[in-house]
Protein chains: 2
Amino acid sequence: MRRNLGEPTDSVRTRAVACCPHAVGTIKRGWRVAATQRRGPVVPPTLADVAELAGVSRQTVSNALNNPALLRTDTLERVQEAVAELGYQPNRAARNLRTRASHLVGMRFAPAQEGTANALMERFVHSLVEECRAAGYHVLLFAADHDDITSGYDELVRSTAVDAFVVTDTYLGNPQAAWLEQNRVPFVAFGRPWDDPDAGHPWADVDGAAGVAMATRHVIGRGHTRVAWVGWRKDSRIGEDRRSGWSATMRERGLPTTGLAARVEDTIASGKEAAAMLLDEAHPSAFVCASDTLAMGVLHTLHDRGLVPGRDVAVVGFDDSQAAQVVPGGLTSVRQPLEEVAVEVVAALQGMLARPRLVHPPRLLTPSLVVRGSAP
Amino acid sequence: MRRNLGEPTDSVRTRAVACCPHAVGTIKRGWRVAATQRRGPVVPPTLADVAELAGVSRQTVSNALNNPALLRTDTLERVQEAVAELGYQPNRAARNLRTRASHLVGMRFAPAQEGTANALMERFVHSLVEECRAAGYHVLLFAADHDDITSGYDELVRSTAVDAFVVTDTYLGNPQAAWLEQNRVPFVAFGRPWDDPDAGHPWADVDGAAGVAMATRHVIGRGHTRVAWVGWRKDSRIGEDRRSGWSATMRERGLPTTGLAARVEDTIASGKEAAAMLLDEAHPSAFVCASDTLAMGVLHTLHDRGLVPGRDVAVVGFDDSQAAQVVPGGLTSVRQPLEEVAVEVVAALQGMLARPRLVHPPRLLTPSLVVRGSAP
DNA sequence: ATGAAAGCGCTAACAT
DNA sequence: ATGTTAGCGCTTTCAT
């Protein structure tokens with residue numbers, strides 16, 4: 001393996017001479033630089049090198065890689081030996097040019113906000129990378145202007161740099177999802193198309209309402225009857241969805257919700273204030289929150305008032321962030337099955353890129369509850 | 001802009017007919033599929049389309065993009081108009097094939113460990129993506145087998161998928177750094193080559209010892225004299241480096257260190273145990289820790305014993321994780337300048353990939369101290 | 001089952 | 001300053 005990678009092989013030279021006189025010059029210059037540096041830059045073997053070593057034509061080698069069934073067993077073996085001997089890997093650029101596919105999936109990478117506990121992306125991206133690998137894809141990260149988010153997508157599409165996109169921030173009213181759809185750019189969304197139920201693109205999402213319902217049932221099961229909700233502002237579709245998990249469960253159990261809900265910004269300070277207000281005015285014994293950030297804010301208020309989470313007041317967050325995992329006492333939290341989301345997303349991606357196109361049905365995945373000290 | 005992107009343009013058709021009869025078939029088939037789907041797949045314009053529209057040769061268009069100084073002003077303008085009119089972007093695959101460069105930087109993406117507070121990567125990767133964009137690069141993420149980490153690198157190198165790598169986990173005894181160097185694969189490391197000071201590759205790193213020294217001086221300045229160290233096991237070079245910041249500062253101020261240090265695994269449980277042991281046996285009034293994970297472990301012990309961080313005992317962590325930011329009371333922590341690291345890494349990358357190669361000197365960056373309630 | 005020829009879209013070299 | 005020619009390494013007809 002890779003035996004000849006650092007040294008000029010005869011086949012490389014022969015190939016150059018054989019197919020065109022001009023190339024000799026090119027390669028000679030390459031090797032001259034090489035000589036200066038004592039050891040040359042790596043000149044990877046090409047299909048032609050493999051073909052020569054195996055004593056077959058270039059096309060046969062190509063077939064051996066892309067359509068092995070076409071070859072006779074002994075020929076196939078000879079080719080495979082030559083491939084192994086030279087450590088041959090097809091040149092991506094050439095293959096991409098020819099097949100008009102990059103085997104790259106683009107994803108805009110926005111950073112987690114400072115001062116919050118919402119670092120989901122690291123987990124999701126890792127799962128995505130793993131799944132993509134299994135499917136023969138790689139993940140290309142890119143950034144975009146704040147004032148013109150679509151420009152980043154546009155550039156990559158037009159330069160045929162990626163085959164498709166994964167869009168993660170559909171909850172922001174996704175201007176890019178609409179743009180991508182309009183421009184017929186293949187993409188899969190992590191997140192429902194809230195504004196457009198008939199959206200044509202594949203998606204996978206986590207059932208936030210179910211997660212919050214689970215959390216609410218958990219605290220009710222521990223004897224709490226006055227369960228408060230600390231969630232996001234009304235314009236957040238995800239926030240309203242999660243909230244519905246709380247309100248539906250409370251109604252179902254015949255428990256009161258009046259005065260027990262707050263809708264605030266997703267910051268520690270807001271969660272803290274909301275908890276203080278609710279404790280004073282509605283006397284809840286449990287808090288279910290739309291995010292770990294808000295839940296940590298609630299913990300701040302309990303901390304300030306000398307109340308012990310899990311003993312005096314139950315608190316449940318959402319996202320199972322690192323903060324939830326490491327905070328003293330531990331924060332019970334709803335955990336999104338991001339690994340499963342990645343599996344669904346990549347499956348949809350594969351279907352979308354396959355010929356003929358295979359439509360992957362939308363999937364709504366169920367989160368789980370990780371029980372820790374704040375709501376044992 | 002992008003006016004003709006969704007519709008067949010005359011120039012596209014002409015181009016196809018003009019340059020080869022074979023292509024007609026290909027494009028016709030393309031359009032037949034298009035008809036079935038009501039609206040066709042996007043056929044991006046090529047250099048030839050721009051050339052025809054501008055009334056110049058393909059080479060002139062190429063020059064307009066890559067060497068505009070060569071053109072006469074009016075020609076350049078005409079070409080640029082045509083580029084804008086068609087929404088032209090050079091095809092990456094073709095350009096990559098020709099120039100033997102992908103303008104892609106590979107980075108292995110390992111997930112943060114669950115149950116720790118060490119989610120640095122999200123911040124670093126984002127900065128890296130931003131910096132790369134400014135330099136005309138994109139970041140390609142990949143995963144690798146656990147048992148054979150170099151295989152992932154090898155595959156990308158051999159298929160010429162990336163121009164260089166960014167290596168972030170040099171502290172693990174970096175088997176891949178050695179491999180990359182040996183195979184003359186361009187790469188830049190975030191992290192010093194601890195085992196080989198003469199390593200030829202560029203790198204940038206954060207001065208952990210300076211950060212810990214800063215933290216130690218901070219608590220000493222607040223009147224603490226018995227300052228304990230909770231760090232990693234002795235085989236961690238980074239851990240020993242950070243520890244030296246503590247021990248040197250203590251010695252410098254004539255303060256005792258004996259019995260005041262623990263070397264444990266990087267887990268909450270270990271930090272918690274170490275703190276309990278140290279409190280019992282050495283009675284420190286302050287803890288400086290090698291990581292936020294260990295610091296959170298220390299907070300656990302204080303929590304259990306009814307001690308108030310920042311009032312009874314000072315605690316400082318390392319990394320300024322989200323947990324440090326949101327934990328009630330707040331955790332004072334040393335913050336790595338990851339944005340600056342990314343700037344350095346990309347600068348080194350550019351130098352390394354430039355012709356002639358420009359060697360970027362190694363840079364050791366100084367972290368800062370973020371003061372919060374645990375050590376005010 | 002294997003080989004020959006063509007060309008994907010671009011840029012480097014040379015010619016004008 | 002602009003055009004002409006060739007070819008990067010691969011796959012896709014088509015012919016054998």
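Residue numbers start from 1 in every chain, and the chains themselves are labelled A, B, ... in the order their sequence lines are given, proteins ahead of strands. Since we're looking at a predicted model, the values are computed, not measured.
Atoms CG (Asn96(A)) and C1' (dG9(C)) sit 13 Å apart, rounded to a whole Å. Between the P atom of dT11(C) and the CG atom of Leu97(A) lies a distance of 12 Å, rounded to the nearest Å. Here the P atom of nucleotide dC8(D) and the CG atom of Asp49(A) are 12 Å apart, to the nearest Å. As rounded to whole Å, 11 Å separates atom C1' of dA6(C) from atom CZ of Arg58(A). Spacing between atom NE2 of His103(A) and atom C1' of dC10(D) amounts to 13 Å, rounded to whole angstrom units. At whole-Å resolution of the value, CZ in Arg100(B) and C1' in dG7(D) are 10 Å apart. A straight line from CG of Leu47(A) to P of dC8(C) spans 19 Å, rounded to a whole angstrom. The distance from atom CZ of Arg92(A) to atom P of dC10(C) is 20 Å, rounded to the nearest whole Å.
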Please table the atom pairs, donor to acceptor, closer than 3.5 Å between any side-chain atom in residues 128-136 of chain B and protein atoms at least two apart or in another chain.
| residue | atom | partner | partner atom | Å |
| --- | --- | --- | --- | --- |
| Arg133(B) | NH1 | Asp145(A) | OD1 | 3.2 |
| Arg133(B) | NH2 | Asp145(A) | OD1 | 3.3 |

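In the helix from dA1(C)-dT16(D) to dT16(C)-dA1(D), the end axes, each obtained as the rotation axis mapping the C1' atoms of four pairs onto the next four within a five-pair block, lie 30° apart to the nearest 10 degrees.
The side chain to side chain contact (heavy atoms under 4.5 Å, CB included) check on Glu155(A) picks up Gln89(B), His138(B), with sequence neighbours excluded. Partners of Asn96(B) by side chain to side chain donor-acceptor pair (under 3.5 Å), not counting sequence neighbours: none found. Every residue two or more places apart in sequence or in another chain that forms a side chain to side chain donor-acceptor pair (under 3.5 Å) with His360(A) is listed here: Glu344(A). Annotation: side chain to side chain donor-acceptor pair (under 3.5 Å) contacts of Asp74(B) (sequence neighbours excluded): Arg72(B).
Under the ring-ring contact (aromatic ring centres under 6.0 Å, His included) criterion, the residue pairs touching residues 74-106 of chain B are His103(B)-Tyr137(B), with sequence neighbours excluded. Residue pairs satisfying the ring-ring contact (aromatic ring centres under 6.0 Å, His included) criterion with at least one member in residues 54-81 of chain B, sequence neighbours excluded, are absent.
In summary, the aromatic rings of Phe187(A) and Tyr153(A) are positioned with their centroids too far apart to meet the 6.0 Å limit. Ring-centre distance between Phe142(B) and Phe109(B): not below the 6.0 Å cut-off.
Distance from the side chain of Arg98(A) is smallest for dT11(D) among the nucleotides dG7(D), dG3(C), dT11(D). In the set dG3(D), dG9(D), dT11(D), dT11(D) carries the atom at the smallest distance from any side-chain atom of Thr99(A).
Between Thr75(B) and the phosphate of dA1(D), there is no side-chain N or O to OP1/OP2 separation shorter than 4.0 Å. Between Arg95(A) and dT11(D) there is a side-chain polar atom (N or O) within less than 4.0 angstrom of OP1 or OP2.
Near DNA chain C, meaning a heavy atom under 4.0 Å away, the residues from residues 59-72 of chain A are Gln59(A), Thr60(A), Leu70(A), Leu71(A), Arg72(A).
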